[in-house]
There are 2 protein chains.
Amino acid sequence: MARDFSKTHRQDKLNQCIEENPFLTDEELARLFGVSIQTIRLDRLELGIPELRERMKKAAEENYGKIKSLSGPELVGELLDLELGVSGLSVMEVTGDMVFQRTNIARGHHLFAQANSLAVAVVDAPMALTGAAKVVFKRPVYLGEKITAKAVVNSVKENKYTINVTSRVKLEEVLAGTYTVFVIKKEEENGIAHSS
Amino acid sequence: MARDFSKTHRQDKLNQCIEENPFLTDEELARLFGVSIQTIRLDRLELGIPELRERMKKAAEENYGKIKSLSGPELVGELLDLELGVSGLSVMEVTGDMVFQRTNIARGHHLFAQANSLAVAVVDAPMALTGAAKVVFKRPVYLGEKITAKAVVNSVKENKYTINVTSRVKLEEVLAGTYTVFVIKKEEENGIAHSS
DNA sequence: CAACTTTTAGTATCTGGTGCTAATATCAGT
DNA sequence: ACTGATATTAGCACCAGATACTAAAAGTTG
């Protein structure tokens with residue numbers, strides 16, 4: 001079984017190869033590995049790797065969803081409850097693309113994003129921007145955990161909202177923050193303290 | 001040309017329809033609009049809409065890149081300079097998926113993400129997590145602007161770094177923040193103040 | 001009615017595959 | 001060297017989702 005070595009070896013490489021660049025046809029792969037197309041097909045079969053089109057479809061669909069959840073809508077996470085001008089509630093599950101690969105710990109700005117966008121959402125106005133924020137990360141959050149963020153409006157003074165957001169995993173507090181959010185009147189973009 | 005009305009009308013709808021859900025075959029579209037496949041094909045031809053597979057491919061490729069730039073690497077933005085334990089510099093261009101569509105103003109957490117990940121990167125350790133942050137958004141940042149973030153280590157006390165990050169567009173300050181970042185020893189995940 | 005646009009039908013062809021059968025290597029063990 | 005097992009290659013029929021082209025039918029308008 002000297003062949004067995006070369007075979008499993010090739011299949012390892014193939015797995016790697018496709019993971020790195022999923023947009024390769026069997027023909028291209030065959031040329032790459034110096035074997036026939038049929039061999040590649042058999043390998044894919046054994047390894048359970050779907051055909052190019054399925055791979056593309058999957059990639060496209062996945063990311064079509066991601067675009068919407070990561071940057072498309074105004075809100076990061078899923079809105080559960082919203083009482084304009086008073087409070088808001090959202091959940092977000094920590095997915096693989098939010099974490100450090102070494103540790104599976106979520107990067108802080110993802111938690112921040114959920115909390116920040118919720119803070120902006122509770123403001124009772126067509127447009128609002130974060131002016132300042134003060135946050136404390138209480139403990140790391142891991143892959144797969146569900147973060148519940150609760151925003152409560154603390155005070156309103158003219159166009160300036162002060163909002164507290166607490167993010168928890170189950171009942172444990174993981175992030176606490178205070179956000180100062182400004183309501184923006186149409187076409188306004190002057191002055192100090194803006195953006196979100 | 002009463003037909004012309006119905007034709008252009010259908011083509012408008014078709015454009016919309018495909019934009020909303022790019023994963024429809026000509027056959028499904030034909031059924032949806034109650035016309036023949038050939039009509040759909042002619043419409044696509046006239047409108048310059050590529051076939052399903054091309055649309056999928058495009059979506060897959062686009063987002064394959066996006067995944068890497070939005071959440072893949074440890075750093076948000078592009079690293080220009082890095083002196084471990086001392087300072088770091090990164091740039092990021094504000095792209096369409098970072099802004100509020102109504103105003104083309106970047107959402108705050110994207111600026112935060114650039115600054116935060118830079119702060120974590122300058123720490124001279126294999127693993128570090130943001131413990132706390134205090135940020136002030138000085139002015140809104142618009143689609144297409146290039147943000148330069150500069151991080152400077154302010155103080156180090158055991159495993160606790162205090163880092164100032166200033167983000168500018170050209171010479172104008174848009175975001176100023178102070179980050180407290182903790183160095184994590186392997187497998188450590190206890191105690192207070194963590195995550196990033 | 002004639003001229004025109006729009007719609008439908010049908011065929012040949014392409015790509016990147018699946019699924020199946022069968023013919024060759026290639027090698028190990030006896 | 002022969003046998004048996006595994007690995008590789010070849011070939012064919014078929015499929016989806018198209019393109020490209022030709023041609024016929026339907027509807028519209030002066």
Side-chain angles (χ1 to χ4, degrees), chain A residues 1-68 72 96-97, chain B residues 1-68 72:
Chain A
M1 287 185 195
R3 274 284 168 134
D4 195 46
F5 160 77
S6 71
K7 184 186 179 181
T8 52
H9 184 71
R10 186 191 56 231
Q11 292 191 342
D12 281 357
K13 288 269 176 192
L14 194 106
N15 242 331
Q16 247 185 288
C17 203
I18 286 185
E19 198 142 341
E20 270 172 37
N21 182 0
F23 307 126
L24 289 167
T25 65
D26 289 356
E27 205 182 342
E28 291 170 317
L29 288 166
R31 244 179 293 137
L32 254 162
F33 287 90
V35 296
S36 71
I37 278 195
Q38 285 83 350
T39 303
I40 295 293
R41 312 249 228 238
L42 280 174
D43 286 348
R44 274 202 299 103
L45 206 84
E46 284 176 28
L47 296 170
I49 299 173
E51 63 168 296
L52 166 68
R53 280 151 182 165
E54 290 305 310
R55 293 186 320 253
M56 286 204 317
K57 195 176 167 185
K58 207 175 158 188
E61 274 170 352
E62 257 178 36
N63 299 315
Y64 210 72
K66 236 165 238 168
I67 255 187
K68 281 191 179 161
D97 51 77
Chain B
M1 289 185 190
R3 275 285 167 133
D4 195 45
F5 161 77
S6 70
K7 185 185 179 182
T8 52
H9 184 70
R10 186 191 57 233
Q11 294 193 339
D12 281 358
K13 288 269 176 194
L14 194 104
N15 243 330
Q16 246 183 287
C17 205
I18 287 184
E19 195 141 344
E20 271 172 38
N21 182 357
F23 306 125
L24 290 167
T25 66
D26 288 356
E27 205 181 342
E28 290 169 317
L29 289 166
R31 244 179 292 137
L32 254 163
F33 287 91
V35 295
S36 71
I37 279 196
Q38 284 81 353
T39 304
I40 296 292
R41 310 248 231 238
L42 280 175
D43 285 349
R44 275 203 299 102
L45 206 84
E46 285 177 27
L47 296 171
I49 300 172
E51 64 167 295
L52 167 67
R53 282 153 179 162
E54 290 304 310
R55 292 186 319 253
M56 286 204 316
K57 195 175 167 186
K58 205 176 160 188
E61 276 170 351
E62 257 178 37
N63 300 316
Y64 212 70
K66 233 166 242 167
I67 254 186
K68 283 192 180 160

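So you know, we letter chains A, B, ... as the sequences are listed, proteins then strands, and number each from 1. The figures that follow rest on heavy atoms only: side chains count, while hydrogens, waters and symmetry mates do not.
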So, is A:Thr39 near the phosphate of D:dT9, with a side-chain N or O under 4.0 Å from OP1 or OP2? yes
Separation of B:Met56 atom CE from C:dG17 atom P, in whole Å? 12 Å
My understanding is that only residues two or more places apart in sequence, or in another chain, count here; which of them pass salt bridge (charged side-chain N to carboxylate O under 4.0 Å, His left out) with B:Glu51? B:Arg53
In whole angstrom, give the distance that lies between atom CZ of B:Phe33 and atom P of C:dT7. 12 Å
Sequence-distant partners of A:Asp12, side chain to side chain contact (heavy atoms under 4.5 Å, CB included), two or more places apart: none
note: A:Ile40, atom CD1; C:dT18, atom C1'; distance rounded to Å ~ 16 Å
Within this structure, what is the CD-to-C1' distance between A:Gln11 and D:dT6, rounded to whole angstrom? 13 Å
For B:Leu42 and D:dC21, what is the distance between atoms CG and P respectively, to the nearest whole Å? 13 Å
Run the side chain to side chain donor-acceptor pair (under 3.5 Å) test against B:Glu27 and tell me which residues pass, sequence neighbours left out. none
Residues in side chain to side chain donor-acceptor pair (under 3.5 Å) with A:Arg44, at least two apart? A:Asp26
With sequence neighbours left out, the residues meeting side chain to side chain donor-acceptor pair (under 3.5 Å) with A:Glu46 are A:Lys7, A:Gln11
Do side-chain atoms of B:Arg55 reach the backbone of B:Pro50 as a donor and acceptor pair under 3.5 angstrom? yes
Return a single string for nucleotides 14-19 of chain D, one symbol per nucleotide in 5' to 3' order, where B is base contact, S is sugar-phosphate-only contact and - is none, cutoff 4.0 angstrom on heavy atoms. --BBBB
C:dT11 C1' sits how many Å from B:Gln38 CD, rounded? 11 Å
Rounded distance in Å - CD (B:Glu54) to C1' (C:dC14): 13 Å
